[in-house]
Amino acid sequence: MNESEPRTMNKPGFFARSELTSTLWAFRREFLVVGLFSMVANLLMLTPTLYMLQVYDRVLASGSEMTLLAVSLVALFLFMVMALAEWSRSRVLVRAGVRLDQQLSTRVFNASFEASLNESGASPARAFTDLTMIRQFLTGNGIFAFFDTPWVPIYIGVLFLMHPYLGWLAIVFALIQAALAWLGHRQTVAPSEAANEAQGDVQQYLQSKLRNAEVLESMGMFGNLRQRWSLRHQGFMALNADAQGIVHRITAYSKVIRYSQQSLALGAGALLVINGEISPGAMIASNVLTTRALAPIDQLVSTWRAFLGARSAFERLERLLGDFPERDPALSRVPPTGQLTLREVSAVAEGREEPILKQITLEVEPGTVTAVLGPSGSGKSTLARVMVGIWPQVSGEVLLDERPLSGWSRTELGPHIGYLPQDVELFDGTIAENICRFSEVNSDKIIAAARMAGLHEMILRFPKGYDTPMGEAGNLLSGGQRQRIGLARAVYGEPALIVLDEPNSNLDEAGEIALVSALRELKTRGKAVVMVTHRTGSIMAADRLVILRNGRIQMDGPRDRVLEALKATVPATTPAPRAPAGPALAA
């Protein structure tokens with residue numbers, strides 16, 4: 001139940017890498033190819049400079065049209081090659097981004113799903129947003145700036161060949177822009193991260209409230225919650241405005257420097273022409289080359305916010321994948337029989353000092369029905385979650401067929417476990433798909449599960465029967481019918497262990513009879529069934545009663561013996577619980 005340490009890959013001669021870093025490292029060949037195409041493109045960026053030198057210093061001096069035609073054709077050919085190199089490197093990065101998404105999307109889905117189970121407030125959507133930010137940055141203009149920046153010294157070197165003053169002037173402006181980029185980094189990191197975090201909080205808050213839109217509307221809570229959302233949104237907008245203001249200010253400074261550089265470079269070239277140190281063609285060419293030399297640095301400044309966002313996304317995603325490592329796909333177990341063992345199990349919740357469950361020891365045998373009873377807040381639902389392995393903070397041993405439940409592959413174990421939570425959530429799809437857990441549709445198994453839950457005739461009354469989409473059926477289903485569909489999903493495929501949390505809380509008399517019949521049928525088929533309940537109607541199907549109070553087992557034993565013990569503890573003026581359906585059992 002305890003999560004492993006962040007997974008790293010250790011190889012001789014290499015530093016330990018995180019899983020995400022190792023995945024990106026696997027794309028080193030693609031980045032090498034992009035680097036080669038960038039080299040070709042940047043070398044051919046010298047074409048306009050050389051063309052201007054030839055036109056001003058040779059064509060105009062000689063007045064030869066053939067020379068102009070030849071030089072122009074060569075320049076056009078080189079421009080086409082440069083465009084091909086630019087397109088090729090973009091194509092390579094786009095394909096690498098698609099492959100990166102294919103390799104990580106399933107992994108991120110699994111890790112974010114586990115995080116949502118183990119961490120309060122975790123948002124799976126945020127993990128996919130982070131993956132999208134990384135992919136977009138790796139395939140956008142920002143990454144090109146990193147590949148183009150190493151060529152800045154080469155352009156400056158060509159300027160030195162034209163005249164040392166031009167080279168030094170380019171170095172001065174390069175240092176100014178580099179200092180501006182550093183200043184932008186120092187000033188934008190904290191505001192950008194605060195704005196991104198606030199944006200995620202606002203989106204998560206809004207999504208959680210929209211899921212309960214009917215409750216908000218019916219009880220007039222919409223206005224009050226809108227005010228709370230508005231306060232959060234205004235806080236985000238203030239942080240975002242601060243971050244945007246800094247970025248825009250840095251960008252404005254960068255524009256001033258760029259325009260000043262263009263004018264001063266032209267002025268310096270004109271001065272050198274006046275002094276006879278360079279030709280007019282060299283003056284024009286040096287101005288274009290200086291602009292090109294400083295363009296990657298300027299592009300780095302303009303894409304710095306995107307880089308910071310991608311870096312933060314990388315860190316969050318790296319932490320997520322490290323905290324929730326991939327389970328061994330080769331792990332295979334013999335299908336369980338359903339024997340569940342809890343030994344000295346305690347369960348705690350974040351922010352709560354006292355454990356919810358305290359030293360629970362319990363055995364659940366195949367072919368039995370165990371009913372768990374107790375007052376509200378005694379830990380019954382927590383116990384149900386511990387039994388199916390979805391409560392995050394657990395100490396002690398939870399064993400299925402004498403193997404730790406956390407050691408099973410959830411994908412492999414899932415078909416052998418049935419779980420019906422208190423709040424039944426049905427998903428987008430047909431009724432049949434919800435019952436069969438969105439696996440391959442098996443009509444015989446679906447109908448068998450529906451019959452066991454007493455649903456078959458009801459489903460057939462829908463216009464599309466089992467093919468009715470939940471979007472349509474959701475408005476037609478009562479709470480009891482939704483609960484019975486959840487029961488059919490839990491018993492689909494006859495899993496070895498079935499845990500039902502308040503399965504009869506919304507059931508009418510017919511639903512209660514169907515539940516008792518299903519429990520007895522599951523018992524005769526050798527399934528281990530645990531049922532959390534407040535109501536006494538289904539107790540007669542139980543072989544064993546477990547009474548919880550304050551997170552501890554107060555009573556445990558055969559049904560009749562525990563019922564007799566309960567009668568003895570209830571005062572004479574208080575009626576003892578009866579077997580038929582009735583009020584909640586007091587313990």
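FYI, side chains are in, hydrogens and waters are out, and symmetry mates aren't considered; it's all heavy atoms of this structure.
Qualifying side-chain hydrogen bond (donor to acceptor under 3.5 Å, both in side chains) partners for Y492, counting only residues two or more places apart in sequence or in other chains: none. Taking the side-chain contact (heavy atoms from CB on, under 4.5 Å) definition, one finds that L44 meets it with V40, T47, L78, V81, M82, sequence neighbours left out. Residues forming a side-chain hydrogen bond (donor to acceptor under 3.5 Å, both in side chains) with S439 (at least two apart in sequence, or on another chain): none. Residues passing the ring pair (Phe, Tyr, Trp, His ring centres under 6.0 Å) test with F160 are W168, sequence neighbours excluded. A search for side-chain hydrogen bond (donor to acceptor under 3.5 Å, both in side chains) contacts involving T149 returns nothing, not counting sequence neighbours. Residues satisfying the side-chain hydrogen bond (donor to acceptor under 3.5 Å, both in side chains) criterion with R89, sequence neighbours excluded, are S38, E86, D148. For Y466, the ring pair (Phe, Tyr, Trp, His ring centres under 6.0 Å) criterion is met by H456, not counting sequence neighbours. In this view, Y259 and K255, Q262 satisfy the side-chain contact (heavy atoms from CB on, under 4.5 Å) rule, not counting sequence neighbours. For F146, the ring pair (Phe, Tyr, Trp, His ring centres under 6.0 Å) test picks out F307, with sequence neighbours left out. Every residue two or more places apart in sequence or in another chain that forms a side-chain contact (heavy atoms from CB on, under 4.5 Å) with V256 is listed here: S260.
Considering every non-hydrogen atom in both S286 and L166, the closest pair reads CB-CD1, 3.5 Å. Considering every non-hydrogen atom in both S64 and T67, the closest pair reads OG-OG1, 3.0 Å. The minimum heavy-atom distance linking V388 with L405 is given by the pair C-CD2, 3.6 Å. In plain terms, the two heavy atoms of A310 and I134 that are nearest each other are O-CG1, 4.0 Å. Scanning both residues, L169 and A268, for their nearest heavy atoms gives CD2-CB, 4.0 Å. What you find for P296 and A145 is that their closest heavy atoms are O-CB, 4.0 Å.
Taken to the nearest 0.5 Å, the CD1 atom of I143 stands 13.5 Å off from the CD atom of Q136. In this structure, CD1 on I278 lies 7.5 Å from CE on M283, to the nearest 0.5 angstrom. Rounded to the nearest 0.5 angstrom, I435 CD1 and I431 CD1 are separated by 7.0 Å. From L159, atom CG reaches atom OG1 of T290 across 4.0 Å, with rounding to the nearest 0.5 Å. Here CG of L266 is found 10.5 Å from CD of Q261. Values are rounded to the nearest 0.5 Å. Considering CD of E19 and CG of L24, their distance stands at 11.0 Å, rounded to 0.5 Å.
A donor-acceptor pair shorter than 3.5 Å can be found between the side chains of Y51 and S72. For the residue pair T21 and E318, a side-chain donor N or O sits within less than 3.5 Å of a side-chain acceptor on the partner.
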For residues 93-106, which side-chain donor-acceptor pairs fall under 3.5 Å, sequence neighbours excluded?
unit_1, atom_1, unit_2, atom_2, d
R99, NH1, E30, OE2, 2.3
D101, OD1, R135, NH1, 3.1
S105, OG, D101, O, 2.8

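Pairs of residues two or more places apart, or lying in two chains, that qualify as side-chain hydrogen bond (donor to acceptor under 3.5 Å, both in side chains) and include a residue from residues 156-167 are H163-E277.
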Notebook entry, point to check: Is there a side chain to side chain contact (heavy atoms under 4.5 Å, CB included) between F37 and R91 once you walk through the steps?
Noted result: CA-CA 11 Å; F37 281 124; R91 186 72 173 172; over 6 Å; no
Checklist line | Trace of the side chain to side chain contact (heavy atoms under 4.5 Å, CB included) decision for D428 with E433 | finding: CA-CA 9 Å; D428 186 26; E433 289 172 333; over 6 Å; no
Notebook entry, point to check: Run the side chain to side chain contact (heavy atoms under 4.5 Å, CB included) check on V441 and I446 step by step: do they pass?
Noted result: CA-CA 8 Å; V441 175; I446 292 173; 3.5 Å; yes
Margin query: Please evaluate residues F31 and V92 with respect to the criterion side chain to side chain contact (heavy atoms under 4.5 Å, CB included), reporting the C-alpha separation (whole Å), side-chain torsions for both, the decisive distance (0.1 Å), and the verdict.
Written below: CA-CA 8 Å; F31 290 121; V92 171; over 6 Å; no
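Here the side chains of V108 and D130 are not in contact, with every heavy-atom distance at 4.5 Å or above. In this structure, the side chains of L426 and R489 come closer than 4.5 Å at one or more pairs of heavy atoms. Two residues are said to be in side-chain contact when any heavy atoms from C-beta on lie closer than 4.5 Å; W151 and M45 fail this criterion. Within the 4.5 Å cutoff, the side chain of S312 has no heavy atoms near those of the M133 side chain. Annotation: side chain of M162 is in contact with side chain of L53 (closest heavy-atom distance under 4.5 Å). Under the 4.5 Å side-chain criterion, counting only non-hydrogen atoms from C-beta, P48 is in contact with F79.
More than 12 heavy atoms of other shown residues, nucleotides or ligands fall within 6.0 angstrom of atom CZ in R437. In this structure, F27 places its CZ atom where more than 12 heavy-atom neighbours from other residues, nucleotides or ligands lie under 6.0 Å away. Heavy atoms of other residues, nucleotides or ligands lying less than 6.0 angstrom from CZ of F438 number more than 12. For CZ of R28, the number of neighbouring non-hydrogen atoms (other residues, nucleotides, ligands) closer than 6.0 Å is greater than 12. In this structure, N275 places its CG atom where more than 12 heavy-atom neighbours from other residues, nucleotides or ligands lie under 6.0 Å away.
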